[in-house]
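Below: the structure, in structure tokens.
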2 protein chains.
Amino acid sequence: MPATPDALDRRAALKARHRQAIVAAAAALMDERGSARFSVDELAARADVSRRTVFNHFATLDDVVIAAASTILGDVVDELGARAGAAGPDADVLDQMAAATRAEHLVPLMARLVRMLGGESGAGTTLPAREAALVQRTFALLDERLTATMVGHHAELDDLAVELLVVAFMAGALMLFRHWYAATGAVDDARSRRLWDELQGHLVDLLRHGQGAPQDAR
Amino acid sequence: MPATPDALDRRAALKARHRQAIVAAAAALMDERGSARFSVDELAARADVSRRTVFNHFATLDDVVIAAASTILGDVVDELGARAGAAGPDADVLDQMAAATRAEHLVPLMARLVRMLGGESGAGTTLPAREAALVQRTFALLDERLTATMVGHHAELDDLAVELLVVAFMAGALMLFRHWYAATGAVDDARSRRLWDELQGHLVDLLRHGQGAPQDAR
DNA sequence: TGCACCGAGTGCATCGCTGCACCTAGTGTC
DNA sequence: GACACTAGGTGCAGCGATGCACTCGGTGCA
């Protein structure tokens, strides 16, 4: 949610302010509770709006939670994207994305997301259905955001092939997240990092072939 | 303007908050300018509301100025009233009112009112018509407030004669203010204080007769 | 004196928020 | 299994604020 621009009239500014307050209140409650378990009434009271107003801005309470989680982790995602772009537009796109999504960068992010939404994580722990769905949806949103950032880095190339590559990579990353999450419970340790790098290596290899390099001997 | 009670619903609270903000903004501008000369646009900007909203709460800009001046001086007036009531309900009502409105108490108040609304005061200075009218209307409002306070002190007596006495006294004080103001320009000095006490003495004498005491020889 | 400009004040439509009654699904208890 | 309760979510009417076009009176200037 961008800061309110001066150009907004007072009505639009009020609307933006209230939406911002709702998201911030959700983030605060999630931080305090270590989970996404709070009521609409608690959220409205914390945001200092009526409960009806919450639903004027968001379709469901889960939508608020996802917006809050995205806001909290959005900066981290943007940082990843910025780092990936630092090599300049001439760098190999696939190498950039591979570097940006290595375990050392992405595993802490994914672990934090799961902790934020569902409390403690662990290989043996399975989140309740609602929390698991929240994690998936939020990761998908962050993935989309990173995709947009990566595509933006190469916009000057105006190359459809590059955009397709980025979108395909991020879609693959999203699918791998589900797999990795099921296998590790989103705990952040050496084993889970090794698994992520292995999975991500598969993705990179697959897309490398599609980028014009000669097909490796199996 | 009382603080917003918790019992108000959110709409009523918003309304009260905006009205309060408008009055506070006017008071701030009057304090900075040393006069009541600012525009509706300036007031609205300072109060952080739209200019239409100012007119939703007040009929005219002058009404806002009067509300602000009343708020600023209202505490002083309440203090006068409280002091008058400190002698207890058995004290002579007329003596109380006379004590409360002696020059040492009232002349600083009246001088401050004129300064606030019209800038510097002096015997030779005449305020522009608008500012003069503002002073009259604000004094009338404060006079009414002091009247209510004085009547309240003797409410336990439930005596119509007491209430009539208070109302008559305050109406007399209002009329005397006009006279005193015209003669002194609301400057606060020994001469203006002497004149006020003289005028007030006449009022006290007049009402003393009406209180059952034998008529003094002229 | 006529004209242009400015600012107070107004009417009206629209927006965003709010209050409230209601529905529905899930949960717990007997 | 029936019932009561709770919380998420909804529709609708009303309130307060706002945007905007407008009128009118006051002021300054030629």
Side-chain angles (χ1 to χ4, degrees), chain A residues 1 4-26 29-30 33 35-68 117 128-134 137, chain B residues 1 4-26 29-30 33 35-68 117 128-134 137:
Chain A
M1 177 77 65
T4 306
D6 291 339
L8 279 179
D9 65 14
R10 298 184 66 84
R11 278 176 185 161
L14 176 70
K15 188 171 179 177
R17 220 165 32 246
H18 279 174
R19 184 184 172 90
Q20 174 72 23
I22 292 164
V23 173
L29 285 164
M30 283 155 67
R33 308 284 170 89
S35 79
R37 294 186 166 231
F38 50 82
S39 69
V40 175
D41 284 336
E42 290 176 307
L43 174 63
R46 182 66 68 100
D48 198 22
V49 297
S50 85
R51 77 192 297 279
R52 197 64 195 82
T53 299
V54 174
F55 293 104
N56 288 342
H57 289 272
F58 296 92
T60 70
L61 183 55
D62 282 356
D63 283 347
V64 181
V65 168
I66 292 168
L117 293 176
R130 173 179 177 248
E131 279 75 4
L134 284 173
R137 288 177 62 192
Chain B
M1 178 76 67
T4 306
D6 291 339
L8 281 177
D9 66 14
R10 298 184 64 85
R11 277 177 186 156
L14 175 69
K15 186 172 181 177
R17 216 164 38 244
H18 278 176
R19 185 185 172 88
Q20 172 73 21
I22 292 164
V23 172
L29 285 165
M30 283 154 65
R33 307 287 170 87
S35 80
R37 294 183 167 237
F38 49 82
S39 70
V40 175
D41 284 335
E42 289 176 309
L43 174 65
R46 181 67 69 100
D48 198 23
V49 298
S50 86
R51 79 191 295 281
R52 195 70 196 77
T53 299
V54 174
F55 293 105
N56 287 343
H57 289 273
F58 296 92
T60 69
L61 183 56
D62 282 356
D63 283 348
V64 180
V65 168
I66 292 168
L117 294 176
R130 173 178 177 249
E131 280 74 4
L134 285 173
R137 287 177 63 193

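Here the structure is a predicted model, which means the values were calculated and not measured. Just so we're on the same page: letters track the sequence lines, and every chain starts at 1.
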Within less than 4.0 Å of OP1 or OP2 of [N], is there a side-chain N or O belonging to [X]?
| X | N | value |
| --- | --- | --- |
| A:S39 | D:dA7 | no |
| A:H57 | C:dG16 | no |
| A:T53 | C:dC17 | no |
| A:H18 | C:dG16 | no |

Is there a side-chain contact between [X] and [Y] in this structure, where contact means two heavy atoms from C-beta onward sitting under 4.5 Å apart?
| X | Y | result |
| --- | --- | --- |
| A:T53 | A:H57 | yes |
| B:L117 | B:M30 | yes |
| B:L14 | B:R11 | no |

*By nearest nucleotide on DNA chain D, pick out whichever of A:T60 and B:R11 is the more 5' one.*
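Looking at the nearest nucleotide for each, A:T60 comes out on the 5' side.
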*Rounded to whole angstroms, how far apart are CZ on A:R19 and C1' on C:dC15?*
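Answer to the nearest Å: 17 Å.
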*To the nearest Å, give me how far apart CG (A:L8) and P (C:dG16) are.*
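Atom CG in A:L8 sits about 11 Å away from atom P in C:dG16.
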_Closest to the A:F55 side chain, choosing from D:dG9, C:dT18, C:dG9_ =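 For the A:F55 side chain, the nearest candidate turns out to be D:dG9.
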*asked:* Given C:dT18, C:dG9, D:dT18, identify the nucleotide with an atom nearest to the side chain of B:V40.
replied: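 Nucleotide nearest to B:V40's side chain: C:dG9.
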*Mind checking A:R52 for me? I need base, sugar-phosphate or nothing, with any heavy atom below 4.0 Å counting as a touch.*
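If one applies the 4.0 Å heavy-atom cut-off, A:R52 turns out to touch a base.
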_Students often get this wrong, so: under 4.0 angstrom with heavy atoms, is A:R10 touching a base, only sugar-phosphate, or nothing?_
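Sugar-phosphate contact only.
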*Along DNA chain C (nearest heavy atom to each residue), the more 5'-positioned of B:R51 and B:N56*: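 On the 5' side of the pair lies B:R51.
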*Quick check: does any side chain N or O of B:R10 sit under 3.5 Å from a backbone N or O of A:D48, one acting as donor and the other as acceptor?*
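A pair under 3.5 Å: yes.
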